[in-house]
Colleague: 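Before I ask anything, here is the structure I am working with.
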Amino acid sequence: QVQLVESGGGLVQAGGSLRLSCAASGSSVSNYAMGWFRQAPGKGREFVARISRGLGITAYGDSVKGRFTISRDNAKNTVYLQMTSLKPEDTAVYYCAAQSSIGVYSDFSKYDYWGQGTQVTVSS
């Protein structure tokens, strides 16, 4: 079992950048496919990015493609989400999640472990 703690959220102006971190404990992030999801008020949980176990193949939601980058540091047991060119519509609570078995990576219900979330607010 893995425990996940997100950090790095905050308030930023449109066009700015933030880097979110997801620190894991209890198990190695390399044992899981790791994902980032977000949820804005009144909306469902949206897939943002994912990095596979092993080779670290990445995938992104259409709304963030080309602006966000997911990465993994096995030595620090941490997954990152670098966010650039931020827009007001990126405002949401961002969650880190771990998927222990093969499943559709964009489906939040296929992830087994979740962090508590970190708030990102982008002002216009």
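Atoms considered below: every heavy atom in the structure, side chains included; atoms not considered: hydrogens, waters and symmetry mates. Quantities reported herein were computed from a predicted structural model and do not represent experimental measurements. For this chain, numbers begin at 1 and follow the sequence in order.
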Colleague: Before you tell me yes or no, could you show the steps for Phe68 and Asp90 under side chain to side chain contact (heavy atoms under 4.5 Å, CB included), namely the whole-Å CA-CA distance, both residues' side-chain angles and the distance that decides it to 0.1 Å?
Modeller: CA-CA 11 Å; Phe68 291 10; Asp90 293 319; 4.0 Å; yes
Colleague: Write down the atom of Ser21, the atom of Thr78, and the distance for their closest heavy-atom approach.
Modeller: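 In this case the closest contact between Ser21 and Thr78 is CB-CG2, 4.2 Å.
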Colleague: Please determine whether residues Val64 and Tyr80 belong to a single hydrophobic cluster, defined as Ile, Leu, Val, Met, Phe, Trp and Tyr linked transitively by side-chain heavy-atom distances below 4.5 Å.
Modeller: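 Different hydrophobic clusters.
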Colleague: Verify, without hydrogens or angle tests, whether Ser17 (side chain) and Thr84 (backbone) share a donor-acceptor contact under 3.5 angstrom.
Modeller: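 Checked: no pair found.
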Colleague: Sort and list the pairs that fulfil salt bridge (charged side-chain N to carboxylate O under 4.0 Å, His left out) and have at least one residue in residues 45-60, not counting sequence neighbours.
Modeller: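 Passing the test, one end in residues 45-60: Arg38-Glu46.
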Colleague: Nearest 0.5 angstrom please: Thr69 OG1 to Leu81 CG, how far?
Modeller: 8.0 Å
Colleague: Are Tyr60 and Leu86 connected into the same hydrophobic cluster when the rule is that any two of I, L, V, M, F, W, Y join if their side-chain heavy atoms are below 4.5 Å apart?
Modeller: yes
Colleague: Taking Asn31 for the side chain and Ser100 for the main chain, is one N or O donor matched with an acceptor at less than 3.5 Å?
Modeller: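 Not confirmed, Asn31 side chain does not pair with Ser100 backbone.
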Colleague: Side-chain donor-acceptor pairs under 3.5 Å in residues 2-12, sequence neighbours left out?
Modeller:
from, atom 1, to, atom 2, distance (Å)
Glu6, OE1, Gln116, N, 2.9
Glu6, OE1, Gly117, N, 2.9
Glu6, OE2, Cys96, N, 2.7
Glu6, OE2, Gly117, N, 3.3

Colleague: Quick one: does any side-chain atom of Arg67 pair with a main-chain N or O of Ser85 as donor and acceptor, under 3.5 Å?
Modeller: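 Pair found, side chain donor or acceptor close to backbone of Ser85.
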Colleague: Out of the candidates Tyr105, Trp36, Tyr94, only one should pair with Phe47 under the ring pair (Phe, Tyr, Trp, His ring centres under 6.0 Å) rule; please name it.
Modeller: Tyr105
Colleague: Any chain of hydrophobic side-chain contacts (each under 4.5 Å) joining Val48 to Leu20?
Modeller: yes
Colleague: Quick one: closest heavy-atom pair of Ser52 and Arg72, and the distance?
Modeller: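 That closest heavy-atom pairing would be O-NH1, 2.6 Å.
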Colleague: Could you see if Phe108 belongs to whatever hydrophobic cluster contains Val93? Use Ile, Leu, Val, Met, Phe, Trp, Tyr and a side-chain cutoff under 4.5 Å.
Modeller: yes
Colleague: Could you check whether Lys65 pairs with Asp62 (Lys NZ or Arg NE/NH1/NH2 to Asp/Glu carboxylate O, under 4.0 Å)?
Modeller: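 Here Lys65 pairs with Asp62 in a salt bridge, since their nearest N and O are under 4.0 Å apart.
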Colleague: Mark yes or no for whether Tyr32, through its side chain, and Tyr111, through its backbone, hold a donor-acceptor pair below 3.5 Å.
Modeller: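 Looks like no, no N/O pair under 3.5 Å.
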Colleague: Are any side-chain N or O atoms of Asn74 and backbone N or O atoms of Asn77, one a donor and one an acceptor, separated by less than 3.5 Å?
Modeller: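 A pair under 3.5 Å: no.
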Colleague: Please determine whether residues Tyr113 and Val79 belong to a single hydrophobic cluster, defined as Ile, Leu, Val, Met, Phe, Trp and Tyr linked transitively by side-chain heavy-atom distances below 4.5 Å.
Modeller: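 As far as the 4.5 Å side-chain criterion goes, Val79 and Tyr113 are connected within one cluster.
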Colleague: How long is the straight-line distance from CD1 of Ile70 back to CE of Met83, given to the nearest 0.5 Å?
Modeller: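 The CD1 atom of Ile70 is 12.0 Å from CE of Met83, to the nearest 0.5 Å.
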Colleague: Quick one: which residue pairs count as a salt bridge (charged side-chain N to carboxylate O under 4.0 Å, His left out) with a foot in residues 106-124, not counting sequence neighbours?
Modeller: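 As it turns out, there is no salt bridge (charged side-chain N to carboxylate O under 4.0 Å, His left out) pair with a partner in residues 106-124 once direct neighbours are skipped.
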Colleague: List the atom of Ala40, the atom of Ala92, and the distance in Å for their closest heavy-atom pair.
Modeller: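 It is N-CB, 3.8 Å.
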